[in-house]
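This report refers to the structure that appears directly beneath it.
Letters A, B, ... mirror the listed sequences (proteins, then strands); counts begin at 1. Quick note: numbers below take in every heavy atom, side chains included, and nothing from hydrogens, waters or symmetry partners.
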There are 2 protein chains.
Amino acid sequence: MSRNPEEPVYNRIEEARTALGLSRQDLADKAGVHYQTIGYLEREEYSPSLVLALRIAKSLNQEVSQLFSLNPFKKGK
Amino acid sequence: MSRNPEEPVYNRIEEARTALGLSRQDLADKAGVHYQTIGYLEREEYSPSLVLALRIAKSLNQEVSQLFSLNPFKKGK
DNA sequence: ATGCTATGTAGCATTAATGCAACATAATGA
DNA sequence: TCATTATGTTGCATTAATGCTACATAGCAT
């Protein structure tokens, strides 16, 4: 969280986004955020708010737990 | 999100917490946050970061989607 | 060559999330 | 009665998340 910056959140946004053939701008539009915010998240420069995570999950037709995790994702799905 | 304050997140933290017989302090300890932060969340005065949501879900043995939603929860489960 | 799209980087401003302290109240139990 | 526990309320300080602007690069199509 904000007060525990050494606690990252891993995500599969880019994987899920490209699987749907969406650009960052496309996803940003769907989620209602700036396109660069998607970039920051994909590069894991910071972790999203819960609201944004829920919106992104919805935009990508995924469960939050499928897209975001406190532990690194295993390779290849 | 931060930039969309008119977009609340609904949650069932209190419901799930009391079902486990935990006080707010207990849950706060498990999730590693201040006990008043749990209070703010239960009263839906603000929505948590994704990291905190994931930690709370883990502490309560629930899926994020079972605890948090962009839409109001129906009554009784 | 020119333009367009997608992406990365950097910087700045704003605001929400969180920590923390102090105080109040109600319930419970010794 | 007194102490403890759980909860609510207010206020203040800090920082991360987000928006936004500008610029750079690479690829692709015309």
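In this entry the distance linking CZ of A/Arg55 with C1' of D/dT18 reads 11 Å, nearest Å. Whole-Å rounding puts the A/Tyr46 OH to C/dG11 C1' distance at 13 Å. Here C/dT7 presents its C1' atom at 15 Å from CG of A/Leu41, a figure rounded to the nearest Å. In this structure, CG of A/Leu52 is placed 7 Å from P of D/dG19, rounded to the nearest angstrom. Between the CD atom of A/Glu44 and the P atom of D/dT18 there is a distance of 14 Å, given to the nearest Å. Across the protein-nucleic acid pair, A/Arg43 atom CZ and C/dA10 atom P stand 10 Å apart, rounded to whole Å. D/dT18 atom P lies 13 Å from atom CG of A/Leu27, rounded to whole Å. Going from atom NE2 of A/His34 over to atom P of C/dT14 covers 17 Å, rounded to whole Å.
Interatomic distance, A/Asn71 CG to B/Lys58 NZ, rounded to the nearest 0.5 Å: 5.5 Å. Taking CG of B/Asn11 as the reference point, atom CZ of B/Arg17 lies at 11.0 Å (rounded to 0.5 Å).
Both B/Ser23 and B/Glu45 lie close to DNA chain D; mapped to their nearest nucleotides by heavy-atom distance, the more 5′-ward contact belongs to B/Ser23. Heavy-atom nearest nucleotides on DNA chain D were determined for B/Gln25 and for B/Tyr40, and the one closer to the 5' end corresponds to B/Gln25.
A donor-acceptor pair is defined here as one N or O able to donate and one able to accept, closer than 3.5 Å; such a pair exists between the side chain of B/Ser23 and the backbone of B/Asp26.
Between A/Ser47 and D/dA16, a side-chain N or O to OP1/OP2 separation shorter than 4.0 Å is absent. Here A/Ser49 reaches the OP1 or OP2 of D/dT18: one of its side-chain N or O atoms lies under 4.0 Å away. Here B/Thr37 does not reach the OP1 or OP2 of C/dT18: none of its side-chain N or O atoms lies under 4.0 Å away. Between B/Arg17 and D/dT7 there is a side-chain N or O to OP1 or OP2 distance below 4.0 Å.
Two different hydrophobic clusters hold A/Leu22 and A/Tyr35 under the rule that ILVMFWY side chains link at heavy-atom gaps under 4.5 Å.
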**Message:** Would A/Val64 and B/Leu50 count as a side chain to side chain contact (heavy atoms under 4.5 Å, CB included) here? Give the steps.
**Reply:** CA-CA 10 Å; A/Val64 169; B/Leu50 176 59; 4.2 Å; yes
Identify each atom pair where a protein N or O and an N or O of nucleotides 22-24 of chain D are less than 3.5 Å apart, giving names and distance.
{"from": "D/dA22", "atom 1": "N6", "to": "A/Gln36", "atom 2": "NE2", "distance (Å)": "2.6"}

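Partner of B/Val33 under the side-chain contact (heavy atoms from CB on, under 4.5 Å) criterion, chosen from B/Ile38, B/Ile56, B/Leu41: B/Ile38.
You'll find the ring centres of A/Tyr46 and A/Tyr40 inside the 6.0 Å limit.
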